[in-house]
Number of protein chains: 2
Amino acid sequence: MELGPTKEKVVADLVYQRVIKALQNQIDAGKFSDLKLPNERILAEEFQVSRSSIKKALNSLIQRGVVFQKQGAGTFINPLYLKNRPMFDIAGDNVGVTDTFQRNGKRPDIKVIDFNVVPASPEVQESLFLEPGEFVYEIQRLRSFDDQPFMIEDGFVPIKLVPDLTKKNIAGSLYKYLHESRNIAVTRSFLTISADVSTANDQKLLNLKPVEPVGVMEGIFFMDRGTPIEFSHMRLHYKFMRYNTFTLLN
Amino acid sequence: MELGPTKEKVVADLVYQRVIKALQNQIDAGKFSDLKLPNERILAEEFQVSRSSIKKALNSLIQRGVVFQKQGAGTFINPLYLKNRPMFDIAGDNVGVTDTFQRNGKRPDIKVIDFNVVPASPEVQESLFLEPGEFVYEIQRLRSFDDQPFMIEDGFVPIKLVPDLTKKNIAGSLYKYLHESRNIAVTRSFLTISADVSTANDQKLLNLKPVEPVGVMEGIFFMDRGTPIEFSHMRLHYKFMRYNTFTLLN
DNA sequence: AATTAAAATTGGTACGTTCCTTTTGCGAAA
DNA sequence: TTTCGCAAAAGGAACGTACCAATTTTAATT
């Protein structure tokens with residue numbers, strides 16, 4: 001699959017990735033009408049790979065909620081997945097809440113309300129694992145869909161991690177900038193989701209009636225090494241907050 | 001369910017489970033002060049198990065957000081985990097929302113508001129994967145903490161899956177009943193979390209002022225085989241809805 | 001001292017084997 | 001017909017090997 005000269009980063013040459021995609025396609029195409037997949041040994045035979053690789057691939061599909069397994073019985077497609085596929089596309093896909101909303105071709109407008117460097121408050125300091133007195137960017141933004149503002153975002157980023165941040169970087173996707181220009185990948189998040197009465201400020205910015213509430217998402221995003229990169233507090237127009245989650249009990 | 005000598009179901013005789021617990025304890029005890037674990041080969045040597053088993057154990061800790069790995073670098077403890085351990089105990093632990101709230105010794109009061117058998121509405125039918133005309137229990141309950149009602153729960157369970165449900169079973173933990181008496185394990189859930197303006201009914205039952213909102217959790221719980229066992233619609237006092245989630249990006 | 005290149009470290013992928021445990025299904029017995 | 005027990009089917013666990021890829025460390029060079 002060589003297109004360009006050197007880089008290109010072909011992600012698809014891993015066996016288990018290949019199997020995942022193939023199975024996913026077959027499932028989406030309705031190949032297994034009885035909702036049951038062939039057993040692992042057969043799959044290994046069909047794909048001409050080891051059973052271990054099949055296991056690894058299936059494990060990934062399990063985590064996504066596409067299939068589930070039961071010892072002694074087999075591997076089955078989650079009926080919910082077939083019924084409600086679009087939901088599953090979103091489930092769990094929540095890091096970069098900021099970025100998550102770039103869906104359906106609706107490109108969100110981002111308005112920078114405030115952009116400063118301030119000393120970290122105790123809460124921020126604690127959350128970002130900073131020493132007392134360290135400085136952070138405070139980034140306040142208002143996000144909209146087609147002139148409908150839906151989210152007030154208050155984010156804090158340690159300056160030591162991104163010393164050269166500018167208002168221009170902030171106006172777009174912060175994570176895209178971090179990734180493309182600084183090779184920082186944001187790969188984990190810890191979020192708390194709740195609801196709250198809307199404040200006067202919420203009502204003004206989000207165009208809410210006094211009785212209408214906001215959804216609140218607050219959390220920490222961190223990079224590969226586990227270093228927190230952003231503490232974010234988000235207040236959303238209640239009609240626009242929908243958090244989908246697929247959970248394995250265990 | 002015979003409690004005799006033979007069964008006992010010792011869950012702990014699995015190698016990787018043993019490793020998970022040991023590592024978890026060592027981490028909690030602060031053994032790795034530099035936040036770095038020994039490499040996989042060393043761990044295998046120390047625990048006298050194969051590297052594969054170490055990998056399996058570490059993988060589990062990764063999913064829980066306790067540690068993370070980076071190729072070429074090593075395995076590191078998530079600093080957030082150490083800082084905020086109690087949060088991680090709750091994260092993702094959301095199936096049986098009904099049951100999740102039995103924490104802190106505060107035993108919640110459950111009041112059965114309504115308990116009937118009704119034909120499944122289109123939405124319920126769709127969600128529970130039923131044929132048109134099938135019947136479901138409709139279970140309406142109000143949950144409280146120490147006289148503070150916090151959740152109105154409207155649940156639907158197919159009668160064919162639990163033909164002998166009674167009001168008595170419903171008054172306690174439904175899932176405990178299913179598990180202990182019917183050997184049905186609820187192991188997966190798909191939830192959508194949002195917020196809404198409180199209705200007059202909400203305000204009355206949850207003791208809310210008109211301006212105060214409710215948190216909404218709606219979703220499907222299913223059992224081992226992927227069969228949906230309950231569709232549940234929950235409206236929570238906004239001060240009591242806190243959903244924690246740890247998410248791996250990718 | 002700074003830069004660069006090689007080597008060691010460390011996790012990732014893939015395969016294969018062996019044996020165990022849980023379910024399921026079938027056939028024999030009651 | 002129903003029940004019971006055994007064989008088969010299917011996933012789970014564990015081990016081990018070999019080699020690959022990203023990162024870090026070390027050494028050599030400039």
Side-chain angles (χ1 to χ4, degrees), chain A residues 6-21 23 32 34-62 67-77 183-185 187 223-227 248 250, chain B residues 6-23 32 34-63 67-77 183-185 187 223-227 248 250:
Chain A
T6 8
K7 262 208 173 161
E8 282 307 327
K9 235 192 203 168
V10 181
V11 195
D13 60 349
L14 296 183
V15 170
Y16 77 94
Q17 295 285 1
R18 199 187 89 224
V19 175
I20 290 174
K21 279 179 190 159
L23 284 177
F32 310 106
D34 56 351
L35 297 186
K36 186 171 187 194
L37 270 61
N39 75 57
E40 296 183 343
R41 291 162 176 93
I42 298 286
L43 285 175
E45 175 64 26
E46 280 181 4
F47 282 101
Q48 284 293 295
V49 302
S50 69
R51 189 180 160 209
S52 320
S53 296
I54 295 292
K55 269 192 166 309
K56 185 157 189 171
L58 287 177
N59 209 46
S60 174
L61 292 175
I62 289 170
V67 304
F68 54 90
Q69 293 184 304
K70 193 164 193 194
Q71 186 173 7
T75 304
F76 305 87
I77 298 171
N183 198 31
I184 291 176
T187 54
M223 34 195 259
D224 275 349
R225 308 284 280 275
T227 309
L248 301 185
N250 213 333
Chain B
T6 11
K7 266 211 170 157
E8 279 307 326
K9 220 166 226 189
V10 181
V11 195
D13 60 348
L14 296 184
V15 169
Y16 76 96
Q17 295 285 359
R18 199 188 89 224
V19 174
I20 290 173
K21 280 179 189 160
L23 285 176
F32 310 107
D34 56 351
L35 297 185
K36 187 171 187 197
L37 269 61
N39 76 56
E40 294 182 344
R41 290 162 176 93
I42 298 287
L43 284 175
E45 175 65 25
E46 280 182 2
F47 283 100
Q48 285 292 296
V49 302
S50 70
R51 189 179 160 210
S52 320
S53 297
I54 295 293
K55 272 193 163 311
K56 186 156 187 173
L58 287 176
N59 208 46
S60 174
L61 292 175
I62 289 169
Q63 298 294 358
V67 303
F68 53 90
Q69 294 185 304
K70 195 165 192 192
Q71 185 173 8
T75 304
F76 305 86
I77 298 171
N183 198 32
I184 291 176
T187 55
M223 36 197 254
D224 276 347
R225 307 285 281 273
T227 309
L248 300 186
N250 220 325

Trainee: Working to the nearest 0.5 Å, report the span between NZ of B:Lys56 and CG of B:Leu61.
Mentor: 13.5 Å

Trainee: CD1 of A:Ile42 versus P of D:dA8: gap in Å, rounded?
Mentor: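 Going from A:Ile42 (CD1) to D:dA8 (P), I get 16 Å.
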
Trainee: So which nucleotide from D:dG11, C:dT23, D:dC15 ends up closest to the side chain of A:Lys70?
Mentor: C:dT23

Trainee: Could one point to a donor on the side chain of B:Arg41 or the base of C:dG11 with an acceptor on the other under 3.5 Å away?
Mentor: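 Counting by modelled atom types and ignoring angles, a donor-acceptor contact under 3.5 Å is found here.
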
Trainee: For B:Leu37 and C:dT9, what is the distance between atoms CG and P respectively, to the nearest whole Å?
Mentor: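 After rounding, the gap between these two atoms is 19 Å.
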
Trainee: At less than 4.0 Å, is any side-chain N or O atom of A:Thr75 found next to OP1 or OP2 of D:dG11? Yes or no.
Mentor: yes

Trainee: To the nearest 0.5 Å, what is the distance between CD1 on B:Ile77 and CG on B:Asp34?
Mentor: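 Reported to 0.5 Å precision, the distance equals 8.0 Å.
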
Trainee: Roughly how many Å is it from CD1 in B:Ile20 to C1' in D:dA13, rounded to a whole number?
Mentor: 12 Å

Trainee: In whole angstrom, what separates A:Phe76's CZ from C:dT24's C1'?
Mentor: 10 Å

Trainee: Among the nucleotides D:dA18, C:dT10, C:dT24, which one has an atom lying closest to any side-chain atom of B:Arg51?
Mentor: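 Ranking D:dA18, C:dT10, C:dT24 by closest atom to the B:Arg51 side chain puts D:dA18 first.
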
Trainee: Counting the atoms with a prime plus P, OP1 and OP2 as sugar-phosphate, which does B:Ser53 contact under 4.0 Å by heavy atoms, base, sugar-phosphate, or nothing?
Mentor: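 Result for B:Ser53 = sugar-phosphate.
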
Trainee: Let me know the distance between CG of A:Asn59 and P of C:dA14, rounded to the nearest Å.
Mentor: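 Rounded to the whole Å, the gap is 14 Å.
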
Trainee: If you check every side-chain atom of B:Tyr16, which of C:dG11, D:dA13, D:dA10 has the closest atom?
Mentor: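 So the nucleotide nearest the side chain must be D:dA13.
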
Trainee: Between D:dT23 and B:Gln71, counting only base atoms on the nucleotide and side-chain atoms on the residue, is there a donor-acceptor pair under 3.5 Å?
Mentor: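 Answer is no: no donor-acceptor pair is held.
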
Trainee: Look at the side chain of A:Ser50 against the base of C:dG16 and say whether a donor-acceptor pair falls under 3.5 Å; ignore hydrogens and angles.
Mentor: no

Trainee: Tell me the interatomic distance from A:Lys55, atom NZ, to D:dA13, atom P, rounded to whole angstroms.
Mentor: 7 Å

Trainee: To the nearest 0.5 Å, what is the distance between OG (A:Ser53) and CG (A:Leu43)?
Mentor: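 Rounded to the nearest 0.5 Å, the OG-CG separation comes out at 12.0 Å.
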
Trainee: Both B:Glu40 and A:Gln48 contact DNA chain C. Which one's nearest nucleotide lies toward the 5' end?
Mentor: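 By nearest-heavy-atom nucleotide position, the 5'-most residue is B:Glu40.
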
Trainee: Just to be sure I understand the rule, does B:Lys56 reach a base, reach only the sugar-phosphate, or reach nothing, if contact means heavy atoms closer than 4.0 Å?
Mentor: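 Counting heavy atoms under 4.0 Å across all strands, the contact made by B:Lys56 is with sugar-phosphate only.
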
Trainee: Is there a side-chain contact between B:Gln69 and the phosphate of C:dT10, meaning an N or O under 4.0 Å from OP1 or OP2?
Mentor: no

Trainee: Quickly work out the B:Gln17 CD to C:dT21 P distance and round it to whole Å.
Mentor: 15 Å

Trainee: Is it true that atom CD of A:Glu45 has more than 12 heavy atoms of other residues, nucleotides or ligands lying nearer than 6.0 Å?
Mentor: no

Trainee: Give, for atom NZ of A:Lys55 and atom OG of A:Ser50, the distance between the pair rounded to the nearest 0.5 Å.
Mentor: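 Spacing of NZ (A:Lys55) from OG (A:Ser50) equals 11.0 Å.
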
Trainee: Rounded to whole Å, how long is the line connecting atom CG of B:Asn39 with atom P of D:dT23?
Mentor: 17 Å

